[in-house]
Amino acid sequence: MNDAVIQTENLTKIFGWRRNEQKQIVAVNKINLYVEPHQVYGFLGPNGAGKSTTLRMLLNLLTPTSGDIRIFGEDPRQNPHVLRRVGHLVEGATFYPYLSALDNLQVVGLSQGNFDRKQAIEKLHQFGLGGREKQKVGTFSTGMKQRLGLAAAMLNDPELLILDEPTNGMDPLGIRDMRAYMRQMAHQMNKTVLLTSHQLDEVERTCDRIAVIHKGDIIKEGPVDELLERDSMFSFEVSSAGAAALALQDWKVRPNADTNTILVEAVREDVPGIVKTLTQHQIDIYDVRPYQKSMEALFFEISGEQMEHEHG
């Protein structure tokens with residue numbers, strides 16, 4: 001049974017003159033996304049990679065060149081009513097600057113066919129704008145506008161949230177609160193969150209699964225734990241990295257920038273055997289710990305591999 005909240009098949013968007021392929025830009029190239037319920041799904045990539053274009057196609061704000069989209073099993077182009085189950089913040093929060101925060105939420109709510117004043121005030125408090133209901137949005141900072149955008153996205157309690165750079169302009173406290181809230185929505189409130197972000201450390205702490213897009217192609221996809229190689233690699237600080245690498249022929253040893261440290265692909269149960277082998281070869285061991293690459297290291301590793309493939 002297919003229970004995907006979001007599913008795309010060969011989704012493609014090409015900009016440019018159809019009669020001249022040299023003037024065409026393939027913004028999104030036959031991507032396949034499968035977002036399961038009740039998770040935070042990160043969609044990563046550099047500027048111009050195709051992230052926002054993809055989100056706009058999902059929300060029926062942009063027509064795909066080809067491919068299929070399913071939101072809760074329905075095509076939003078054929079059944080736009082399914083988007084009532086979706087809250088979104090795409091390409092920044094935009095509001096009427098001369099209206100108050102509450103009045104802007106009223107505009108949003110009425111455009112969706114429903115406005116509950118009490119609920120709107122609760123959302124403003126929830127996103128750190130309590131007491132600013134009557135303040136004109138034109139006086140808001142970028143971070144405050146972003147908070148208002150998130151309140152608007154959650155106004156009618158959607159089942160799916162699609163967020164483009166949701167913490168843009170927020171201070172560290174706001175980012176921390178937003179990270180906790182997104183995980184709460186997915187894991188306690190049974191909602192699903194699809195987000196893009198350039199803040200890789202926040203993605204690492206927030207997302208359950210990620211896809212990396214580069215020049216319109218998805219080049220990596222999977223659970224965060226697996227992609228960061230948690231519990232599958234250990235770091236050994238030793239007296240001689242070269243001798244240790246030679247001694248550990250039964251394990252895959254990766255090079256490391258730190259000349260006193262080796263990285264060994266292994267599970268926890270392998271560690272005693274590795275230690276025994278090193279001591280048998282009279283190699284001193286000063287430190288052993290699980291190794292986890294950062295999201296930033298993963299991102300640049302993937303992007304570097306892709307660039308090497310393109311120019312190889």
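These numbers were taken from a predicted model, which means no experiment stands behind them.
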How close do [X] and [Y] get, heavy atom to heavy atom, and via which atoms?
| X | Y | value |
| --- | --- | --- |
| Val5 | Pro37 | CG2-CA, 3.6 Å |
| Leu150 | Pro166 | CD1-O, 3.8 Å |
| Ala244 | Val238 | CB-CG2, 4.0 Å |
| Ala247 | Ile283 | CB-CD1, 4.1 Å |
| Ala266 | Ile274 | CB-CD1, 3.8 Å |
| Pro46 | Lys51 | O-NZ, 3.2 Å |

Are the side chains of [Y] and [X] in contact, using a 4.5 Å heavy-atom criterion?
| X | Y | result |
| --- | --- | --- |
| Ser235 | Leu263 | yes |
| Lys118 | Asp116 | yes |
| Met144 | Gln135 | yes |
| Asp68 | Arg77 | yes |
| Ser239 | Tyr286 | yes |
| Arg183 | Arg205 | no |
| Gln126 | Met154 | no |
| Arg209 | Pro223 | yes |

* Please lay out, stage by stage, how Asp287 and Thr261 fare under the test side-chain contact (heavy atoms from CB on, under 4.5 Å). => CA-CA 9 Å; Asp287 184 66; Thr261 304; over 6 Å; no
Transitive ILVMFWY side-chain link [X] to [Y], under 4.5 Å:
| X | Y | value |
| --- | --- | --- |
| Phe127 | Leu148 | no |
| Leu124 | Met185 | no |
| Leu110 | Leu102 | yes |
| Ile162 | Phe72 | yes |
| Phe15 | Leu11 | yes |

To the nearest 0.5 Å, tell me how far [X] [atom1] sits from [Y] [atom2].
| X | Y | atom1 | atom2 | result |
| --- | --- | --- | --- | --- |
| Trp251 | Phe236 | CH2 | CZ | 8.5 Å |
| Gln7 | Ile69 | CD | CD1 | 11.5 Å |
| Met57 | Thr12 | CE | OG1 | 7.5 Å |
| Met170 | Arg176 | CE | CZ | 13.0 Å |
| Met178 | Leu163 | CE | CG | 8.0 Å |
| Ser52 | Leu61 | OG | CG | 11.0 Å |

* To do: Test side-chain contact (heavy atoms from CB on, under 4.5 Å) on Leu33 and Thr54 and set out the steps.
  => CA-CA 10 Å; Leu33 285 176; Thr54 300; 4.2 Å; yes
Could you check [options] and say which one makes a side chain to side chain contact (heavy atoms under 4.5 Å, CB included) with [X]?
| X | options | value |
| --- | --- | --- |
| Lys220 | Ile210, Val212, Ile213, Leu44 | Val212 |
| Ile71 | Ile6, Val35, Leu59 | Ile6 |
| Leu278 | Ile285, Val288, Asp284 | Ile285 |

* Within residues 37-47 or reaching into it, pairs that qualify as side chain to side chain donor-acceptor pair (under 3.5 Å) - sequence neighbours excluded ->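 Applying side chain to side chain donor-acceptor pair (under 3.5 Å) to every pair that reaches into residues 37-47, excluding sequence neighbours, yields Tyr41-Glu221.
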* Mind jotting down which residue pairs meet the side chain to side chain donor-acceptor pair (under 3.5 Å) criterion with at least one end in residues 98-109? Sequence neighbours excluded, please. =>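 Listed by first then second residue: Ser100-Asp103.
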* Scan for salt bridge (Lys or Arg N to Asp or Glu O under 4.0 Å) pairs involving residues 149-164, sequence neighbours excluded, and state none if there are none. =>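 Applying salt bridge (Lys or Arg N to Asp or Glu O under 4.0 Å) to every pair that reaches into residues 149-164, excluding sequence neighbours, yields Arg85-Glu159, Asp157-Lys191.
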* Sorted by first residue and then second, give each salt bridge (Lys or Arg N to Asp or Glu O under 4.0 Å) pair with at least one member in residues 127-152; sequence neighbours left out. => none
* What residues, two or more places apart in sequence or in another chain, satisfy side chain to side chain donor-acceptor pair (under 3.5 Å) together with Arg56? -> none
[Y] backbone acceptor or donor facing [X] side chain under 3.5 Å:
| X | Y | value |
| --- | --- | --- |
| Thr279 | Lys276 | yes |
| Asp208 | Val40 | yes |
| Thr8 | Ile31 | yes |

* Start with the C-alpha distance between Met189 and Tyr181, add both sets of side-chain angles, then the distance that settles side-chain contact (heavy atoms from CB on, under 4.5 Å), and finish with yes or no. => CA-CA 10 Å; Met189 300 167 65; Tyr181 186 69; 4.3 Å; yes
* Under the 4.5 Å side-chain heavy-atom rule for ILVMFWY, direct or indirect, which residues accompany Ile14? ->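 Other cluster members: Val26.
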* Asked: CD of Gln282: more than 12 outside heavy atoms within 6.0 angstrom?
  ->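 No, the 6.0 Å shell around CD holds no more than 12 heavy atoms from other groups.
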